[in-house]
Engineer: 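The structure's right below; bear with me while I get my questions together.
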Amino acid sequence: MRLIIAEKPSLARAIAEALPGRSQRQEGYLQVGDTRVSWCLGHLLEQASPDAYDPAYKQWRLDHLPILPEPWRLTPRPKARAQLAVLRRLLKEAREVVHAGDPDREGQLLVQEVIEHLGWKGPVARLLISDLNRPAVERALGRLEDNAAYQALYRAAETRARADWLYGINLTRAWTLVGRQAGHDGVLSVGRVQTPVLGLVVRRDAEIAAFQPRPFHVLWADLQVAGGQLRAWWQPGEAHPLDDQGRLLARLPAEALAARLPGAEGQLVALQTQDKRQAAPLPYSLSALQVDAARRYKLPAKAVLDICQRLYERHQLITYPRSDCRYLPREHHALAPRTLAGACQGDATLGQWLAGADLSRRSRAWDDAKVGAHHALAPTGRAPDFSRLDDAEARVYRLVVRNVLAQFYPPLETREVKAEFRILDERFRAQGSELKVAGWKPLFTTREETPPLPPLVEGETARVLDARVEDRETRPPEPFNDASLIKAMMNIARYVSDPAVKRTLRDSDGLGTEATRAGIIETLVERGYLVRDKSSLRASRTGHALINALPEAASRPERTALWEQRLAAIAERDEAPAPFLSALVDDLRRLLNAADAQTLRQTLAASQAIEAPTPSPRRATQGRRGSAGKRGGKGSKTSNRRASTPRTTGGRARRAKGDA
């Protein structure tokens, strides 16, 4: 009997359907001829808690730290025991085993750790599937590889999981214990990912609090030209008091010029036109969808993830949602007419957009080379029953379908015009945009970003009809919200200055993963580090105090970049994990030595930030006992919510795609 172990049930079903013969559903697996296809449910195993290594670790004490497991142990997740038992029995009966985890680092870990934990000693083949369409799965089944070729990838994933455990467990215990000495009653959770995310918000809040508005002044003039009227803006020269962005800081020069302008004539001295073509926005990754849904509908990132899961699992209307990819397999292009016809049924807007689409058009979205473990979010082609969707589900579904439909529309074509006038020996500038071909734009908005200018000819005369000075002032940075924080996590390289670190962060997935970013935000809210203030996310008093008490390196994203460099060396150049973990332990010792109750007491006293709501009594009391490390499966909900089990610290290494 051949046993194929898939990462999740949906992948197992796709494999079974692609095998020759009829599929029969059994308890925990599918039977197709002499092949059995079973599955994991996210991570079936998790890192053992500290007290599994020594019962003394049930009590949190500073003199226990750092806790350094040797040898490392995995334990079954309680809710996964039944499926683990199925796999144990199937492995005993198997003559060959096929690993069908996702073709990425975490997918390699998730299935292989189960195979090894259950004691399989025979060879293992590797099945790599990134597209669940039957022809693609059939081709993948025809080109199995030796799983031994992916041992370096497995070691990198295993190393990342252990590193996150070491980092989160030890630092969370340390800062929780010094927090108690400083008078803070509760767990102070520290993690490689969650803490830099909190640091982003704390630093943005500090910028806002320290911001001092400065007045500046602008002068505009309404001009009459041969083809009509336009508004141009004065460009003051360096002889005037300007800030670093060229804004005028003194009103008097603008007032004096404004008094002389009405009726004055000048000339159009420079005219630039540029035709632009802009392709449609790509289909969504999960994070890109979360950003757009937050902006358009004020939906929290976690709500969007939950909606997508329902659209995927319950309604079967969209493909796998926890994807970081914005491209589709080329094969999907030929299926698009049938898929979109089904997806747009029952909705007048989608139907109208479908009617305007040219389904023979092929955009840059269809690119096998850019499809990784998963492809972009797309409709399955199942006809939606909108009576079964709530408003938020229907809105998110339409966004997913819209971005795929947009691939069958022409590019947006505009003509950008910039004009410079010389009036009374002063420069005035105007710019406008002319829509040439609407293309995909009507699917997204009917609003024109910049109004067009009237027809202009370089050298023509312009006469001032009116002029006015407007008083303005600089504005503080906007506080983070779900959309901007998700975007910051995706583009974390913007927040570091070191060029080498920037490159690494640009090449990696940023902070967190598609599957975990929303959960990281919600965890910070649940733990009282972030507070929702209408649509904004602000750091609480505890959040500010923790970041200000931690060594700066623990609250910045550079550590993730350095880890990714070392993990890439393990995965791609087969470097040994031991030096990386040894260096991490040295780093941990330095960080633990910096855990200081007096510093934390001072930062708690100094923080003027908003107070988070008091945690529930259950969470607050349970925060005093137990040990960190119990975690939900890959991409799943957390199975143990005790406050002493920090959801985004080292134990979270067992969750989706390497979050910490």
Engineer: Please assess Phe408 against His333 for the test ring-ring contact (aromatic ring centres under 6.0 Å, His included), listing each intermediate value before the final yes or no.
Structural biologist: CA-CA 10 Å; Phe408 299 98; His333 185 268; 5.7 Å; yes
Engineer: With heavy-atom distances below 4.5 Å as the criterion, would you say the side chains of Val371 and Leu328 are in contact?
Structural biologist: no
Engineer: Walk me through whether Lys441 and Thr445 qualify under side-chain contact (heavy atoms from CB on, under 4.5 Å).
Structural biologist: CA-CA 6 Å; Lys441 189 69 178 236; Thr445 179; 3.3 Å; yes
Engineer: Is His375 close to Ser323 at the side-chain level, that is, under 4.5 Å between some pair of heavy atoms?
Structural biologist: no
Engineer: Only one of Arg77, Glu7, Glu106 forms a side chain to side chain donor-acceptor pair (under 3.5 Å) with His43, so which one is it?
Structural biologist: Glu106
Engineer: Tell me, with the steps shown, if Leu198 and Ser555 meet side-chain contact (heavy atoms from CB on, under 4.5 Å).
Structural biologist: CA-CA 7 Å; Leu198 176 60; Ser555 67; over 6 Å; no
Engineer: Leu350 vs Tyr397, test: side-chain contact (heavy atoms from CB on, under 4.5 Å). Steps then yes/no.
Structural biologist: CA-CA 10 Å; Leu350 291 177; Tyr397 173 71; 4.1 Å; yes
Engineer: Evaluate the side-chain proximity of Thr414 to Glu416: yes if any heavy-atom separation is below 4.5 Å, no if none is.
Structural biologist: yes
Engineer: Does Arg204 make a cation-pi contact with Phe480 (under 6.0 Å, within 45 degrees of the axis)?
Structural biologist: yes
Engineer: Within 45° of the axis and under 6.0 Å from the centre of the six-membered ring of Tyr320, does NZ or CZ of Lys8 qualify?
Structural biologist: yes
Engineer: Is the shortest distance from a Lys or Arg side-chain nitrogen in Asp368 or Arg330 to a carboxylate oxygen in the other one below 4.0 Å?
Structural biologist: no
Engineer: Less than 4.5 Å apart, side chain to side chain, heavy atoms only: is that true for Ile520 and Met489?
Structural biologist: yes
Engineer: Is the positively charged end of Arg429 above the ring of Trp233, judged by distance under 6.0 angstrom from the centroid and angle within 45° of the axis?
Structural biologist: no
Engineer: Would Leu412 and Val437 count as a side-chain contact (heavy atoms from CB on, under 4.5 Å) if you check the C-alpha gap in whole Å, the side-chain angles of each, and the deciding distance to 0.1 Å?
Structural biologist: CA-CA 6 Å; Leu412 168 67; Val437 177; over 6 Å; no
Engineer: Is Asp243 paired with Arg247 through a side-chain N to carboxylate O contact shorter than 4.0 Å?
Structural biologist: yes
Engineer: Between Glu522 and Arg532 (salt bridge meaning N to carboxylate O under 4.0 Å), is one present in this structure?
Structural biologist: yes
Engineer: Under a 4.0 Å N-O cut-off, is there an ion pair linking Asp391 with Arg395?
Structural biologist: no
Engineer: So, Glu393 and Arg310, do they make that salt bridge, N to O below 4.0 Å?
Structural biologist: yes
Engineer: Can we say Arg559 and Glu564 salt-bridge, meaning some charged N sits less than 4.0 Å from an Asp/Glu carboxylate O?
Structural biologist: no
Engineer: Are Phe444 and Trp353, when compared by the centres of their aromatic rings, separated by less than 6.0 Å?
Structural biologist: no
Engineer: Would you call Glu552 and Arg556 a salt bridge, taking side-chain N to carboxylate O under 4.0 Å as the test?
Structural biologist: yes
Engineer: If we only count heavy atoms from C-beta on, is the Val404 to Thr339 side-chain gap below 4.5 Å?
Structural biologist: no
